[in-house]
Novice: 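Below is a structure I'd like to ask you about.
Model, not experiment: these values are computed from the prediction.
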Amino acid sequence: MRNECDKLIDYFNDQLTETEKEKFEKHLETCADCREELEELRMLTADLPFASEPVDPPEDMKDRVLGSVFSEESPKNTEEIADQPPKNNEKNSVIDFDKKKAESTQEEKPWRKKPVWLIRGLVAALVLSIAGNLFALIHDNEEAAPEPDPTETPGEEDGTDQVMKRVQLQGEATNATASAALVQQQAGDVLTLQAEQLDQLQGDEVYQVWLIQGETPYRAGTFVANENGEGAVSYSMKDLPEDVKWDAVAISKEPDATSQTPQGEVILSSEL
């Protein structure tokens, strides 16, 4: 029948059945040595690094670690010790020691020494766990991200928007301000414009945005201002000439929304 103290490691590793676990926990209430060893095991393994996923270290690393641990101390050959005759002054001391040991066992409970194999096993487990996590971190860092293709324009591959140009529009005879941006999108380029402190319009008047190439203006969106003098437009440039280098962007106040060229006053403009 197994001694209850021998079940300590199985209890710590949760390898006992429910019945055995309950029986061992009752044993813990009366066994100070088991409680002490259990507390040491928990303290020893409390701070093990489990941050990364377990990765098996290289086989040669495992051999080196275990080899160095178990080669540090090897017990002497018991046969060699037995073959050595005791010295004259040692015989009586051995007898006295056995006698004292027998007497002490009757007076107090003997101290149970921690098994060396257990300490070595825990040290080896700690070293292998740390080595495995270091190997995982090094392996992850070695997986470099693929270099971007220099022929691709930013935003083309993943479909994200890319601002190609942004300018501030200014005018001489107005307090209005505006900002415009040419945005590259997967579905086609877009001109966005926002304006503030615009004058209120009368009747059919509108604000017209123009993209200019040389001396030729192209309609690029129509809008009206709200009561706070704010206006905005987002214009898809699919209907405009392709591969054109635009020289300027401008806003004019037009009598209506049908103007194909600026008929009214250009109030804000900027070079691109």
Side-chain angles (χ1 to χ4, degrees), residues 1-87 89-141:
M1 181 177 180
R2 289 181 61 186
N3 190 311
E4 286 298 320
C5 295
D6 296 336
K7 299 179 181 179
L8 176 62
I9 297 300
D10 290 340
Y11 176 78
F12 177 75
N13 292 326
D14 197 20
Q15 298 296 318
L16 299 179
T17 64
E18 290 298 326
T19 302
E20 291 175 333
K21 184 183 297 184
E22 292 178 1
K23 186 176 180 181
F24 185 79
E25 290 175 348
K26 291 182 180 179
H27 167 74
L28 280 177
E29 298 176 359
T30 60
C31 183
D33 287 341
C34 284
R35 289 198 302 271
E36 180 183 353
E37 288 194 20
L38 181 62
E39 183 63 24
E40 290 182 1
L41 287 173
R42 288 172 175 170
M43 292 176 61
L44 186 61
T45 59
D47 298 325
L48 287 177
F50 292 114
S52 60
E53 296 181 358
V55 176
D56 292 334
E59 187 63 29
D60 58 343
M61 179 184 294
K62 181 177 180 181
D63 294 340
R64 291 199 306 272
V65 173
L66 292 178
S68 62
V69 171
F70 288 101
S71 63
E72 289 180 356
E73 180 182 356
S74 58
K76 295 182 179 180
N77 190 307
T78 55
E79 295 181 357
E80 294 178 0
I81 297 176
D83 292 339
Q84 295 179 2
K87 297 180 180 179
N89 59 348
E90 290 181 349
K91 184 175 182 180
N92 292 334
S93 63
V94 171
I95 297 174
D96 293 340
F97 174 79
D98 292 340
K99 182 178 180 181
K100 291 180 180 179
K101 180 178 180 181
E103 294 175 353
S104 64
T105 55
Q106 299 176 357
E107 298 177 357
E108 60 182 9
K109 186 177 180 180
W111 176 74
R112 184 174 56 195
K113 186 177 180 182
K114 307 294 187 299
V116 176
W117 64 266
L118 174 60
I119 302 302
R120 289 179 177 173
L122 291 173
V123 171
L126 285 171
V127 173
L128 287 176
S129 177
I130 295 173
N133 284 300
L134 289 175
F135 178 78
L137 292 175
I138 295 173
H139 179 71
D140 290 341
N141 290 336

Novice: Search all heavy atoms of E37 against all heavy atoms of L8 and return the closest pair with its distance.
Specialist: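 Scanning both residues completely, I find the closest heavy atoms to be OE1-CD2, 3.2 Å.
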Novice: Locate the shortest heavy-atom distance separating C34 from L28; write the atom from each residue and the value.
Specialist: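 Nearest heavy atoms, C34 then L28: CB-CD2, 3.6 Å.
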Novice: Walk me through whether E4 and K7 qualify under salt bridge (charged side-chain N to carboxylate O under 4.0 Å, His left out).
Specialist: CA-CA 6 Å; E4 286 298 320; K7 299 179 181 179; 3.2 Å; yes
Novice: Say you draw a straight line from CD of E39 to CZ of R42; how long is it, rounded to the nearest 0.5 Å?
Specialist: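 E39 atom CD to R42 atom CZ measures 7.0 Å (nearest 0.5 Å).
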Novice: Sequence neighbours excluded, which residues qualify as side chain to side chain contact (heavy atoms under 4.5 Å, CB included) partners of N13?
Specialist: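 N13: side chain to side chain contact (heavy atoms under 4.5 Å, CB included) contacts with I9, Q15.
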Novice: Any chance you could measure D6, atom CG, to F24, atom CZ, to the nearest 0.5 Å?
Specialist: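 Those atoms lie 9.5 Å apart.
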Novice: Taking atom CG of D10 and atom NZ of K21, what is their separation to the nearest 0.5 Å?
Specialist: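 Here the interatomic distance stands at 11.5 Å.
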Novice: Can you see whether E25 engages Y11 through a side-chain donor-acceptor pair at a distance of less than 3.5 angstrom?
Specialist: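 Yes.
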